[in-house]
Visitor: 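Can you keep this structure in mind? I'll have questions shortly.
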Amino acid sequence: RAGGRPVELLVPASEVTITEVELPQKNRQQALKALPFMLEESLASDVEALHFTLGERRGDHQPVVVADKAQIRQWLGWVSEAQLSAASLTPDALALPLHDEGCALLQLGDQILIRQEACQGMTVDADWLAPTLASLADADETPLVIHDHGHQQSLDELDIDWRTESLELPMQVLASG
């Protein structure tokens, strides 16, 4: 039990879109109102059915998490049925520890959670880990650093600085992020 306190609800990163848009400092309020329509073509749903949450802005870059409103209602319904209330909803990949350099990685069953930056993360099927990391490594000029919090398998065929972190229970890792 949460002792009557609202809980932090982790939601599957695979069920949300985590993205970033470039918003100029000038006319910021107007740009924020237009944000759903700026992202419309990259989203598979009608923007009216989606909820947009803004992350902490960095310069002209505005992180955005997009979730289906019906899915949010379902998650909150489950929390309510458990006689709890949610303080916030966080994509599980963004609950991984944030490292000064590189990505955090955690395997949960057949899914791999990857956190790249404060507001960048994703979930990939375990079979897609090697191509995903190869793509991330190609996008970076320096060797990719992976902080492995429980994948238990290095990918030696890739040019990656693989750092095995102390193995903890997955929920303990997510709670510390």
Side-chain angles (χ1 to χ4, degrees), residues 1-23 28-40 42-126 146-151 165-177:
R1 289 272 164 211
R5 295 181 310 254
V7 297
E8 301 286 328
L9 184 62
L10 295 180
V11 300
S14 59
E15 296 294 321
V16 300
T17 299
I18 304 170
T19 189
E20 189 174 80
V21 295
E22 196 168 320
L23 290 179
R28 185 178 188 289
Q29 286 305 110
Q30 286 180 319
L32 287 174
K33 289 178 184 175
L35 184 65
F37 305 100
M38 294 169 64
L39 292 170
E40 187 171 27
S42 64
L43 301 170
S45 300
D46 178 18
V47 294
E48 299 299 322
L50 301 173
H51 177 76
F52 296 80
T53 303
L54 304 177
E56 187 175 326
R57 184 183 173 104
R58 296 182 325 261
D60 285 346
H61 299 278
Q62 178 65 64
V64 183
V65 177
V66 184
D68 184 273
K69 289 177 183 177
Q71 180 65 70
I72 292 172
R73 282 192 296 276
Q74 183 178 35
W75 290 327
L76 293 177
W78 292 338
V79 170
S80 179
E81 286 175 15
Q83 299 177 351
L84 299 170
S85 63
S88 65
L89 284 71
T90 302
D92 52 9
L94 297 184
L96 287 172
L98 183 60
H99 295 277
D100 291 335
E101 61 176 341
C103 302
L105 182 143
L106 175 69
Q107 183 165 2
L108 296 175
D110 291 335
Q111 299 287 305
I112 308 282
L113 304 180
I114 300 171
R115 182 175 190 180
Q116 299 130 285
E117 293 182 19
C119 291
Q120 282 188 327
M122 68 178 88
T123 302
V124 297
D125 288 328
I146 294 293
H147 298 270
D148 185 351
H149 291 273
H151 176 252
E165 302 293 332
S166 60
L167 192 57
E168 300 177 36
L169 296 173
M171 289 309 294
Q172 189 175 1
V173 172
L174 294 171
S176 70

Visitor: Would you compute the distance between atom CG of Leu106 and atom CD of Glu165 and round it to the nearest 0.5 angstrom?
Guide: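 Leu106 atom CG to Glu165 atom CD measures 11.5 Å (nearest 0.5 Å).
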Visitor: If I take atom CG from residue Asp125 and atom CD1 from residue Ile112, how far apart are they, to the nearest 0.5 angstrom?
Guide: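 Asp125 CG to Ile112 CD1: 9.0 Å, rounded to 0.5 Å.
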Visitor: Just do the side chain to side chain contact (heavy atoms under 4.5 Å, CB included) check on Thr53 and Val16 with the steps written out, would you?
Guide: CA-CA 11 Å; Thr53 303; Val16 300; over 6 Å; no
Visitor: Between Arg58 (side chain only) and Asp60 (backbone N and O only), is there a donor and an acceptor less than 3.5 Å apart?
Guide: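 Not at all, since once roles are kept as given, no pair shorter than 3.5 Å links the two residues.
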Visitor: How long is the gap from NE2 on His147 to CG on Leu98, to the nearest 0.5 Å?
Guide: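 These two atoms lie 9.5 Å from each other.
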Visitor: Looking at every heavy atom in both Gln107 and Gly150, which two are closest together, and how far apart are they?
Guide: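 Gln107 and Gly150 have their closest heavy atoms at CB-O, 3.7 Å.
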Visitor: Any chance you could measure Leu23, atom CG, to Arg57, atom CZ, to the nearest 0.5 Å?
Guide: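 Going from the CG atom of Leu23 to the CZ atom of Arg57 covers 5.5 Å.
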Visitor: Looking only at non-hydrogen atoms, find the nearest pair between Ala95 and Arg115 and report the distance.
Guide: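 Nearest pair, atom of Ala95 first, then Arg115: C-NH1, 4.3 Å.
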Visitor: Got a sec, which residues hit side-chain contact (heavy atoms from CB on, under 4.5 Å) with Ser14, two or more places apart in sequence or on another chain?
Guide: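 By the side-chain contact (heavy atoms from CB on, under 4.5 Å) rule, Ser14 matches Pro12, Thr123.
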Visitor: What pairs with Thr19 under side-chain contact (heavy atoms from CB on, under 4.5 Å), at least two apart in sequence or on another chain?
Guide: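 Counting only residues at least two positions away or on another chain, Thr19 forms a side-chain contact (heavy atoms from CB on, under 4.5 Å) with Thr17, Leu39, Val64.
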Visitor: Which residue in the set Asp92, Ile72, Leu89, Val65 passes side-chain contact (heavy atoms from CB on, under 4.5 Å) when paired with Val11?
Guide: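 The single option meeting the side-chain contact (heavy atoms from CB on, under 4.5 Å) with Val11 is Leu89.
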Visitor: Can you name the closest pair of heavy atoms from Pro97 and His99 and give their distance?
Guide: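 Distance-wise, the nearest heavy atoms are O-CD2, 3.6 Å.
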Visitor: For Arg73, enumerate each residue passing the side-chain contact (heavy atoms from CB on, under 4.5 Å) test, keeping only those at least two apart in sequence or located in another chain.
Guide: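 If we apply the side-chain contact (heavy atoms from CB on, under 4.5 Å) test to Arg73, skipping adjacent residues, the hits are Lys69, Ala70.
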Visitor: Apply ring pair (Phe, Tyr, Trp, His ring centres under 6.0 Å) to His61 and list each qualifying residue two or more places apart in sequence or on a separate chain.
Guide: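 For His61 there are no ring pair (Phe, Tyr, Trp, His ring centres under 6.0 Å) partners, ignoring immediate neighbours.
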Visitor: Among all residues two or more places apart in sequence or in another chain, which pass the side-chain contact (heavy atoms from CB on, under 4.5 Å) test with Glu48?
Guide: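 Testing Glu48 for side-chain contact (heavy atoms from CB on, under 4.5 Å), a comparison that skips the adjacent residues, returns Phe37, Asp46.
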Visitor: Quick one: pull up OG in Ser45 and CG in Leu50 and give me the separation to the nearest 0.5 Å.
Guide: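 Between Ser45 OG and Leu50 CG, I get 5.0 Å after rounding to 0.5 Å.
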Visitor: Taking all non-hydrogen atoms of both residues, which atom of Ala118 and which atom of Leu94 are closest, and how far apart?
Guide: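 Heavy-atom minimum between the residues: O-CD2, 3.9 Å.
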Visitor: Is there a side chain to side chain contact (heavy atoms under 4.5 Å, CB included) between Leu9 and Trp78? Walk through the geometry before answering.
Guide: CA-CA 11 Å; Leu9 184 62; Trp78 292 338; over 6 Å; no
Visitor: Kindly give the heavy-atom pair with the smallest separation between Ile18 and Cys119, and that separation in Å.
Guide: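 Nearest pair, atom of Ile18 first, then Cys119: CG2-O, 3.3 Å.
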Visitor: I'd like to check the salt bridge (charged side-chain N to carboxylate O under 4.0 Å, His left out) partners of Glu8; sequence neighbours left out, ordered by chain and number.
Guide: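 With sequence neighbours excluded, Glu8 shows a salt bridge (charged side-chain N to carboxylate O under 4.0 Å, His left out) to no residue whatsoever.
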Visitor: Would His51 and Val66 count as a side chain to side chain contact (heavy atoms under 4.5 Å, CB included) if you check the C-alpha gap in whole Å, the side-chain angles of each, and the deciding distance to 0.1 Å?
Guide: CA-CA 6 Å; His51 177 76; Val66 184; over 6 Å; no
Visitor: Atom CD in Glu56, atom CD in Gln62: separation rounded to 0.5 Å?
Guide: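 Spacing of CD (Glu56) from CD (Gln62) equals 9.5 Å.
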Visitor: Where do Phe52 and Val47 come nearest, in terms of heavy atoms and distance?
Guide: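 Heavy atoms of Phe52 and Val47 come nearest at CE1-O, 3.9 Å.
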Visitor: Counting C-beta onward and ignoring hydrogens, is there a side-chain heavy-atom pair between Leu105 and His149 closer than 4.5 Å?
Guide: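 In short, these two side chains do not touch, never coming nearer than 4.5 Å.
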